[in-house]
Engineer: 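My structure is below; once you've seen it, I'll send some questions.
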Amino acid sequence: MTEDSPAKSILPRVVPVMVPMPADRPYSYAVPDGAKAVPGSIVRVPLGPREVAGIVWDGAGEALSAKRLRPISEIFDCPPVAEEMRRFVDWIAAYTLSPPGLVARMLLRAPAAFDPEPWTEGLRLVEGAGPDRMTAARNRVLEMAGDGQAWTRAGLAHAAGVSSSVIEGLREQGVFETVSIPPQPVVAAPDAGFAKAELTPDQEAAALRLRERAGTDAFSVTLLDGVTGSGKTEVYFEAIAAALERGKQVLILIPEIALTQAFLERFHDRFGAKPGEWHSDLAPKKRERVWRQVAEGQVRVVAGARSALFLPFKELGLIVIDEEHDPAYKQEDRVFYNARDMGVVRGHIGDFPVVLASATPSLESRVNANQGRYERIVLSSRFAEAALPDLATIDMRKAPPERGGFLSPVLIDAMRKTLARGEQSLLFLNRRGYAPLTLCRVCGHRFQCPECSSWLVEHRFRGQLVCHHCGHNEPRPEACPECGTLDHLVACGPGVERIAEEVDRHFPEARTIMLSSDMMGGVKRLRLELEAIAKGEADIIVGTQLVAKGHNFPAMTLVGVVDADLGLANGDPRAAERTFQLLAQVTGRAGRTGRKSVGLLQTYQPEHPVMRAIVTGDAEAFYEREIAERERAGLPPFGRLAGIIVSAATRQEAESHARGLRQAAPRATEIDVLGPAEAPLALIAGRHRFRLLVQGTRRADLQGFVRAMLERGPKQRGSVRVQVDIDPQSFL
DNA sequence: AGCACGCCGACT
DNA sequence: GTCGGCGTGCTC
């Protein structure tokens, strides 16, 4: 071709760009002359009054009047977002009924990483040069830097154990010259053969099978189901080794990774290097470096929270989802998704294996295994030194606590004996604060949240009444706001603060630590406390949920569950499953190093299937029963079923939405309001959230009528939020 | 998601 | 007479 036709040279080239906002399709932008924008390119584009980062999408840009068309401002020098990833975004958008722009936004969360990492200034020893006077500090620095390598100022100062002013002094004297050094890897490369753990025959067989499945370039899902302490981690490490040997990148999803630093150590022990970390607590600078190096393929393994699913891997070849049943995998704001399910979808799109691991798999994963969609590998025994704890219920009707207390004499006695042996006790109560309800003894006034009408929880340590639903808080008054009577407010029911107080009363000499997610000092403080406990610097630990998650406390030989019934009676279709999982996880904290250990569950219904399953250890029977029950009730994840979450101020309002939905739904569809949605933390301006179950419809029908409903009017759109909650495996 | 525009209450 | 609440609408 010799010359472009005139028409061609006038018309600008147009590409679709996905911008990080709720657009339901990409916008069109002009590509500046000479610029090279390919699908996946990350670009800076003008959007209204500001500039944003976007991703060049697939297909042709739609024709647009030249007046509205604006040019791309910059094409970042960054590896393009892979085609797989773009399909993943489109899939999630379609599945969750979210605008694709909002999904794409989750990929664009590391703004400064789109530019290459800058080279940094380093120092190198000048050959033959020496300082005017030698000091001990200077000597150490010269020894460290004697290898002729370039060092960063801070790195050298740290390695030599001197302050950076020593280095600066030497540089001024010409002992060091400044050189440019390329960006350093954020983590060292893992070595698949570094230190394979000794496995029991059981584990070895599982690892072998997992290597076979997970070691090939084909989609598969394997459910690794093993009791706490059976060494699941060591087993799936072998699958990771196999993927690394294939030259693939690996993603390990872990709930609450910010608190499970011990995991990084275990990984290091096996692979000789830490995995790249990814979670919301990461320092911004580190975040950018991890993002960039994942994109460039320098970071081979990432251990991260659910958002790590949206990292721009260059050659991802395995996803491991640890504690796959964990509700923390659900995101319930903006784009509603479950990272476990999306991880499976990601593996399907990328055609690589996925491993789900849990001691207490979710019902849907068990069903998927039963139906042959997943392969299930079972690890049934703890490894040699770690014995399973003896579990028993304490019937609170027969052994009630003393007046004003919440701990049964049976539990207190067990704690006393544990203390006497110099071992640790854990008391678990899944309720933050001091007391869940405060009322006035004179007039009966109950403290309610003015925003959302749930009970206010007293936090005595902070002197506040707090709404756990919407975050509202107010100082705890002396007098009743209703009748004005002073000093007659009474706390009802226990929270961890109150249990810690009771423990102090019984065991004033013991070292008691209370752990709660709302503790002063945040994640950092929690980490320190967990380390202190692991080192044996506490006798009694009182904690919420977070103590159930993956920490190993070697000296812990007694676990007491203060209220095992909590959560069984809230109308949630997952109540029994969730309670079983939580109790199994928390009692599994005991006896991890082989000492004889005990788990005691305080309950008013010792004959409840959940209690029976925990005490007898017969999880199989429990799962079968739960699955059968769900099938009978026609609840997800079985059959063609879906859930919708609406947010509304009251249950009445939710009911009215349900009526509206019923009218919009196909005739074969049934809709029921099932009470509060599972996640208490998703806050939609202090509104209550209810889960509607929509039954008897195919996914396409459901999406159709949900869309129809959303289009019925602006008023409806404002008050109804929709989440479609179907098991995606049914549609792969 | 941001951000501007636009129409009704308490104030320099 | 203005400052400012957040309801509605738009961004290539």
Engineer: Should A:M342 and A:Q331 count as side-chain neighbours, where that means a heavy-atom distance under 4.5 Å?
Structural biologist: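 When only atoms from C-beta onward are counted, A:Q331 and A:M342 do not touch, as no gap falls below 4.5 Å.
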Engineer: Expressed in angstrom and rounded to an integer, what is the separation of A:W57 atom CH2 from C:dC12 atom C1'?
Structural biologist: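 Between C1' of C:dC12 and CH2 of A:W57: 16 Å.
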Engineer: Within the structure provided, determine whether A:L582 and A:Q545 are in side-chain contact (heavy-atom separation under 4.5 Å).
Structural biologist: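 Result yes, sub-4.5 Å side-chain heavy-atom pair found.
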Engineer: If only side-chain N and O atoms count, and only distance matters, is there a donor-acceptor pair under 3.5 Å linking A:H459 with A:N473?
Structural biologist: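 A:N473 vs A:H459: no donor-acceptor pair found between side chains.
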Engineer: Does A:P26 reach a base, just sugar-phosphate, or nothing at all? Heavy atoms under 4.0 Å.
Structural biologist: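 Result for A:P26 = nothing.
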Engineer: Between B:dA1 atom P and A:L102 atom CG, what is the distance in whole Å?
Structural biologist: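 Value for this atom pair: 6 Å.
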Engineer: Round to the nearest Å and state the distance from A:Y27 atom OH to B:dA1 atom C1'.
Structural biologist: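 Taking atom C1' of B:dA1 as the reference, OH of A:Y27 is at 11 Å.
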Engineer: Can you list everything that forms a ring pair (Phe, Tyr, Trp, His ring centres under 6.0 Å) with A:F352? Sequence neighbours excluded, please.
Structural biologist: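 A:F352 satisfies ring pair (Phe, Tyr, Trp, His ring centres under 6.0 Å) with no other residue.
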Engineer: Listing request: all side-chain hydrogen bond (donor to acceptor under 3.5 Å, both in side chains) pairs with a residue in residues 72-85 of chain A, at least two apart in sequence or in separate chains.
Structural biologist: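 Every side-chain hydrogen bond (donor to acceptor under 3.5 Å, both in side chains) pair that includes a residue of residues 72-85 of chain A, provided the two are not neighbours, is A:R44-A:E74, A:E51-A:S73, A:E84-A:R346.
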Engineer: Could you state the atom-to-atom distance from CE of A:M18 to P of C:dT11 in whole Å?
Structural biologist: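 Going from CE in A:M18 over to P in C:dT11 covers 18 Å.
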Engineer: Nearest whole Å is fine: how far is C:dT11 P from A:R70 CZ?
Structural biologist: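 These atoms are roughly 10 Å apart.
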Engineer: Would you tell me whether A:S362 and A:E577 have side-chain atoms, one donor and one acceptor, within less than 3.5 Å of each other?
Structural biologist: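 Looking only at side-chain atoms, A:E577 and A:S362 do not form any donor-acceptor pair under 3.5 Å.
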Engineer: Can you tell me how far P of C:dC12 sits from OH of A:Y29, to the nearest Å?
Structural biologist: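 After rounding, the reported distance stands at 5 Å.
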Engineer: Does a side-chain N or O from A:R68 land closer than 4.0 Å to OP1 or OP2 of C:dC12, or not?
Structural biologist: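 The answer is no; no side-chain N or O of A:R68 sits under 4.0 Å from OP1 or OP2.
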Engineer: Using whole Å, report how far CG of A:D24 lies from P of C:dT11.
Structural biologist: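 One finds 13 Å between P of C:dT11 and CG of A:D24, rounded.
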Engineer: Polar-atom pairs under 3.5 Å, protein N or O versus N or O of nucleotides 2-6 of chain B: list them with distances, or write none.
Structural biologist:
none

